[in-house]
Protein chains: 2
Amino acid sequence: MKNSRQNTAAQILDSLKNDIISGEFLPMQKLHIKTLKEKYNVGTSPLREALSQLMAKDLVVSKNQRGFYVSDISIEDLTDIYQTRAKIESLCIEMSIDKGDDYWEANVIAASHRLNKYSKQEAIDIDEWQSRHGEFHEALVAGCMSPRLFQIRSSLIEKSKRYRSLWLRENVSDAATLSINQNEHAALMILALERDKKAVSKLIEEHIMTPVEIIKKSLSQL
Amino acid sequence: MKNSRQNTAAQILDSLKNDIISGEFLPMQKLHIKTLKEKYNVGTSPLREALSQLMAKDLVVSKNQRGFYVSDISIEDLTDIYQTRAKIESLCIEMSIDKGDDYWEANVIAASHRLNKYSKQEAIDIDEWQSRHGEFHEALVAGCMSPRLFQIRSSLIEKSKRYRSLWLRENVSDAATLSINQNEHAALMILALERDKKAVSKLIEEHIMTPVEIIKKSLSQL
DNA sequence: TATTTTAAAAATGTCGACATTTTGACATTA
DNA sequence: TAATGTCAAAATGTCGACATTTTTAAAATA
């Protein structure tokens, strides 16, 4: 029963990360070693190693002799995260347009179709929609071919998801209203296929910044 | 003697990181726990926590039951790192140009002057020159005002320094020849002050990519 | 000789224990 | 009441020990 290809820290890392991103652990919340050990059924060392990795990713902070805490959020950080994310996404797409081949185009069209069809459905499962939405944006940037830039993109998405999760907790009902702006998605696809870098850049930055004001409001009420 | 404001992991983190970036620990080199414990005078847990943080920063990798290793380098990664770094730097400067005020301008001029004066000296200490060089580029991007983007920039610089360090080890003598291209620096300053985003972007990307071919050569000989 | 087997040595990852520090509850003082 | 002090309870960070696994080196086999 002691076998596994991964060590214990690696095994719990994703769960722990998700529990932070999903908002199960709230910003500034203390992460008690004892509680976490019980929750994830691990010992001190692997747990602290996992927390150390999340520290390096800015999801967790530690104060000496005072333990670990979920890192704080703020309106300034919200804005900065989304703005940076917008710039990076724009960069990725521009590079995609420069380098993307027929297969990239085809995948964009396919992903757009999947998202579009689902958006027009009657009963929309928000998880499924988010999945297709994410895949469409990923298809757009997939031509960029820079592992490091993708990595940067992913880490920013992770961080922005934290804010989105917190907002979702407060507004479960009309979650779908957040960004089911199918017109923008269609426009993004068309402009990308036309290789109109300037126009795509402008539109994608606006698209990504859309939820910021809504989340800001919900955030400032806490 | 047990007092300190930081915990042990945090205390050794910078040393460990620098020893990797400076190339004292070579790519793929095994990082023996026992050896490191003796070198940094720490116990197992803090050491492993520091290594965990470096794992999250892609400077270290671990294989289960086979320990930690300095992460590998490659020509593909070299290119990707520098290209990404060039794009990010360009983005930072463009934002600086959008937002920079009189103080930003003044600091750019000052940093440029310090670098320029030193570059014309007889005996150039490479460390001092690198310091002034780094400060000049930092002054250029300082107007951007995005903590997250700065963070991304820093982590890319760290990673690119690893490649530069390895190159320096092989070519200590004419190290100064690498990038003492004072004309480009002067041009960067002038274009930035003229707020010519397009021209600065183009030049900074070229400027950053300059050493890539040289390092590539030196790397492919290993 | 070259390959496989075997056993000893070394190293890793995890746990529990403990010294030190922080926290929280209660009593004391102003 | 509010502020300060006291002290037990709780939590943290570090260490050493140990079960497992990997590595190394020598012996056995083909």
Side-chain angles (χ1 to χ4, degrees), chain A residues 1-20 23-72, chain B residues 1-20 23-72:
Chain A
M1 208 67 107
K2 274 269 172 175
N3 261 359
S4 177
R5 197 131 256 99
Q6 290 188 312
N7 62 17
T8 317
Q11 285 175 48
I12 63 164
L13 181 62
D14 283 337
S15 316
L16 192 46
K17 196 207 280 182
N18 282 332
D19 290 340
I20 290 173
E24 179 173 332
F25 298 138
L26 294 170
M28 293 281 270
Q29 181 178 334
K30 172 123 195 215
L31 297 168
H32 292 267
I33 299 288
K34 201 185 167 196
T35 314
L36 295 185
K37 273 167 67 169
E38 287 162 8
K39 169 158 181 154
Y40 300 106
N41 272 84
V42 294
T44 309
S45 311
L47 176 59
R48 291 183 57 94
E49 286 173 25
L51 286 167
S52 297
Q53 293 185 57
L54 295 180
M55 264 183 62
K57 286 191 185 302
D58 290 320
L59 291 172
V60 164
V61 296
S62 91
K63 309 179 200 176
N64 188 26
Q65 295 292 3
R66 298 193 185 184
F68 294 92
Y69 298 78
V70 178
S71 65
D72 199 10
Chain B
M1 207 70 107
K2 274 269 172 174
N3 261 0
S4 176
R5 197 129 259 103
Q6 289 188 311
N7 62 17
T8 317
Q11 286 174 49
I12 63 163
L13 181 61
D14 283 338
S15 316
L16 192 46
K17 196 207 281 183
N18 281 333
D19 290 340
I20 290 173
E24 178 172 333
F25 298 137
L26 293 170
M28 294 280 271
Q29 180 178 335
K30 170 119 194 220
L31 297 167
H32 293 267
I33 299 288
K34 200 185 168 196
T35 315
L36 295 185
K37 274 167 68 170
E38 287 162 8
K39 169 157 181 153
Y40 299 106
N41 271 85
V42 294
T44 309
S45 310
L47 176 59
R48 291 183 57 94
E49 287 173 24
L51 287 167
S52 297
Q53 293 186 56
L54 295 180
M55 263 182 63
K57 286 192 185 301
D58 290 320
L59 292 172
V60 165
V61 296
S62 89
K63 310 180 198 175
N64 189 27
Q65 295 293 3
R66 298 189 184 185
F68 295 92
Y69 298 77
V70 178
S71 66
D72 199 11

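In what follows, every chain begins at residue 1, and chains take the letters A, B, ... in the order their sequences are listed. Scope of the values below: all heavy atoms of this structure, side chains included, with no hydrogens, waters or symmetry mates.
- Annotation: proximity of residues 32-60 of chain A to DNA chain D (heavy atom, distance under 4.0 Å) is found for A:His32, A:Ile33, A:Arg48, numbered in ascending order.
- DNA chain C is contacted by both A:Tyr69 and A:Thr8; A:Thr8 maps to the nucleotide lying nearer its 5′ end (nearest heavy atom per residue).
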Checking A:Asn41 against A:Ile12 for the side chain to side chain contact (heavy atoms under 4.5 Å, CB included) test, could you report, in this order, the C-alpha distance in whole Å, the side-chain angles of both residues, the deciding distance, and whether it holds?
CA-CA 9 Å; A:Asn41 272 84; A:Ile12 63 164; over 6 Å; no
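- Judged as a side-chain hydrogen bond (donor to acceptor under 3.5 Å, both in side chains), and not counting sequence neighbours, A:Gln53 has no contacts.
- C:dC15 atom C1' lies 14 Å from atom CD1 of A:Ile12, rounded to whole Å.
- Every side-chain hydrogen bond (donor to acceptor under 3.5 Å, both in side chains) that B:Lys17 has, sequence neighbours left out, goes to B:Glu158.
- In this structure, A:Arg66 atom CZ and C:dT22 atom P are separated by 6 Å, rounded to whole Å.
- Atom P of nucleotide C:dG13 and atom CZ of A:Arg5 are separated by 14 Å, given to the nearest angstrom.
- Here the C1' atom of nucleotide D:dT23 and the NZ atom of B:Lys30 are 9 Å apart, to the nearest Å.
- The side-chain hydrogen bond (donor to acceptor under 3.5 Å, both in side chains) search around A:Gln65 returns none, not counting sequence neighbours.
- Residues forming a side-chain hydrogen bond (donor to acceptor under 3.5 Å, both in side chains) with B:Asp58 (at least two apart in sequence, or on another chain): A:Gln151.
- To the nearest angstrom, C1' of C:dG13 lies 6 Å from CD of B:Gln65.
- Applying the salt bridge (charged side-chain N to carboxylate O under 4.0 Å, His left out) rule to pairs touching residues 31-42 of chain A yields A:Asp19-A:Lys39, A:Glu24-A:Lys39, sequence neighbours excluded.
- One can place CG of A:Asn64 at 12 Å from P of D:dT12, the figure rounded to the nearest angstrom.
- The CD atom of A:Gln6 sits 13 Å away from the P atom of C:dG13 (whole-angstrom rounding).
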